[in-house]
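Report on the following structure.
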Amino acid sequence: MSSASLDHPNLNQAIDPPRRPDTKFLLGDFSTYFADEANYFLDTGKLGPMIRFRLMHLDNLLVTDAEFAKEILQTRNKNYLKEPRLMRIIENGSSQTLFSSDGDEWIWRRRLMQPAFHKKQIAAFCDAILDESEKMVGKWESGQTHDMGEAMKLVTMMIIGRTMFNVDMDGEAADLHWAYRTLSETLIGRITSPIQTPTWMPTKTNRDFNKSREIITTTLSRIMNERKHSTEPHNDLLEMLLTMVDVEGGFTQEQMIFEMSSIVFAGHETTASTLGWILYMLTQHPDVEEKLLQELDSVVGDRRPTMDDLDKLPYLNMVINETLRLYPPARATNREAVEADEIGGYKIRAGETVFINIEGIQRDERYWENPNQFDPERWSPERSAGRNKWAFLPFLDGPRKCIGEPLSRTEMQLILITMLQRYRFKLAAGAKVEKLVGFVLEPAGLDMELVVRNK
Ligand code: HEM
């Protein structure tokens, strides 16, 4: 693709971004990274707005600055491509998707899929989201303990099936979830491990990886093929994608499965992780829980919520935003610079990988007062006035902003209302919640006891 013609009169005066001072000659930051993976980006971001770090032999830049992020993601976005090295590993070089493509390949995909995420369309998903949430809550009883992290992943998987492909994945969601979990663990291993086992070796990891790919391909192929034989109109993402199968400039069937798969991948664990963190935050902040329950009781009460209710629940939205600020499911994203560039007086080399430190920016005291404190009220209109919008990037911003944000926000609101109308959530005795870093930043160990609400 052609890059933007960059206007960088200061490139010659630009300085090399400083390197982490403890980088080792041979191993780079390998040992520091693995000693505290969950905090490595946060700690590195505190060293400055642009820091060079090295994982094994690969140099990268970490950007922890809202204005620099805006330059990369919006002003000069044509110079910063989705990182081909990472995408090659994730997609095995076999296909492109909305998530991984760039330039014209990306534009036609985004235009094709955008209507499936339109506001009107989201309103039509309301019943499906509520049906799945009620089905989950209907199986619970007071006093039971559940791993709420797992429960949230299953319900969001079911909702992706209903909203994107109009199918009920009951009976398949658990296997599919296992498959995506195995796939991401293996891929993370391949990206970060210094020793690569050849993919053809019959190790347990390779066998599980192949099995997970088979489950995903079989399930999604079945969904695609059943739809191909259906004569009813559906007006959903699956129908939009099918119009491009086997047409010139469109998808092969294999590419179509890849596209469906990346939607399931991008869409379920992210939303589930945020829901998990919200439940955890409520257990740690009883005052916030109390205020939230009061708002839900006074606006919705015990009836089924509607889309109209969602505009009348400002505190619920503050809780969601504050959780996304402290625990963004995508804690960082990366791009590869096409041409050399200068941002904020720092030089970025052509071909260099730049990580945007989303979590670091969202916890930076230049933008946030008491940045590590969970304080939903900071999202009130008065306290939000004048805030740099590039300091809050859970869904990113600019042209590559998450296409699923409206769906995800509606899902989170409706699932939370359905759960909190009936239950409070208490951490089970001995539960130890930890920040788990994979493709998604998620809470692990979320065993919670359900306590029925007496109203
Ligand atoms: C809390 C929930 C979610 C979060 C935090 C989130 C976050 C993000 C982020 C940060 C990106 C940009 C990645 C990059 O370009 O580097 C992204 C892109 C994307 N997300 Fe989400 N996402 C969420 C939910 C969803 C849902 C529900 C769907 C679909 C059903 C979805 C589908 C996508 C797709 C397809 C892209 C690629 C868009 C493009 O490049 O044009 N996401 N998401």
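Remember, it's 1-based here, ligands and their atoms both numbered in the order they're listed.
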Determine whether the side chain, the backbone, both or neither of T333 has a heavy atom under 4.0 Å from any heavy atom of ligand 1. side chain
Output for pair (I348 CD1, R52 CZ), nearest 0.5 Å, gives 9.5 Å
Does the residue R335 have a heavy-atom contact with ligand 1, meaning some pair of atoms that are separated by less than 4.0 Å? yes
How far does OG1 of T323 sit from OH of Y280, to the nearest 0.5 angstrom? 12.5 Å
Provide the number and element of each atom of ligand 1 under 4.0 Å from a heavy atom of F117. 29 (C), 30 (C)
Ligand 1 contact by M113, heavy-atom criterion under 4.0 angstrom: no
Just by distance, do the side chain of K82 and the backbone of D102 share a donor-acceptor pair under 3.5 Å? no
At under 4.0 Å between heavy atoms, which part of I160 makes contact with ligand 1: side chain, backbone, both or neither? side chain
Atoms in ligand 1 with a heavy atom of W106 nearer than 4.0 Å: 39 (C), 40 (O), 41 (O)
List every atom of ligand 1 that sits less than 4.0 Å from any heavy atom of K82, numbering the atoms from 1 in the order shown and giving each element. 13 (C), 14 (C), 15 (O), 16 (O)
R400 heavy atoms, cut-off 4.0 Å: which ligand 1 atoms fall inside? 12 (C), 39 (C), 40 (O), 41 (O)
Approximate separation, where rounding is to 0.5 Å, of L81 CG and R335 CZ: 9.0 Å
Tell me, do F374 and L326 make a side-chain contact under 4.5 Å, heavy atoms counted? yes
Where ligand 1 meets I263 - atom numbers and elements under 4.0 angstrom, heavy-atom basis: 35 (C)
Donor-acceptor pair between N321 and R409 side chains, under 3.5 angstrom: yes
If you scan protein heavy atoms around atom 36 (C) of ligand 1, the nearest is F99 CD1, 3.5 Å
With atom 5 (C) of ligand 1 as the reference point, say which of A116, P406, P394 has the nearest heavy atom. P394
Considering the heavy atoms of T274, write down every atom of ligand 1 situated less than 4.0 Å from one of them. 1 (C)
Atoms of ligand 1 under 4.0 Å from any heavy atom of P329, numbered from 1 in the order shown, are 5 (C)
Would R325 and W368 count as a cation-pi pair here, with the cationic atom under 6.0 angstrom from the ring centre and within 45° of the axis? yes
What do you reckon, is NZ of K228 surrounded by more than 12 foreign heavy atoms closer than 6.0 Å? yes
Taking the side chain as every heavy atom from C-beta outward, state whether I415 and M419 have any pair of such atoms under 4.5 Å apart. yes
Looking only at side chains, do Q413 and N317 share a donor and an acceptor under 3.5 Å apart? yes
Under 2.8 Å from atom 21 (Fe) of ligand 1, protein N/O/S atom count? 1
Just jot down the ligand 1 atoms closer than 4.0 angstrom to any heavy atom of T271, in number order. 1 (C), 2 (C), 27 (C)
Heavy-atom side-chain contact between L427 and M448 under 4.5 Å: yes
Using the ring centroid of each side chain, check whether F53 and F355 are separated by less than 6.0 Å. yes
Under 3.5 Å, is there a donor-acceptor pair between the D397 and Q74 side chains? no
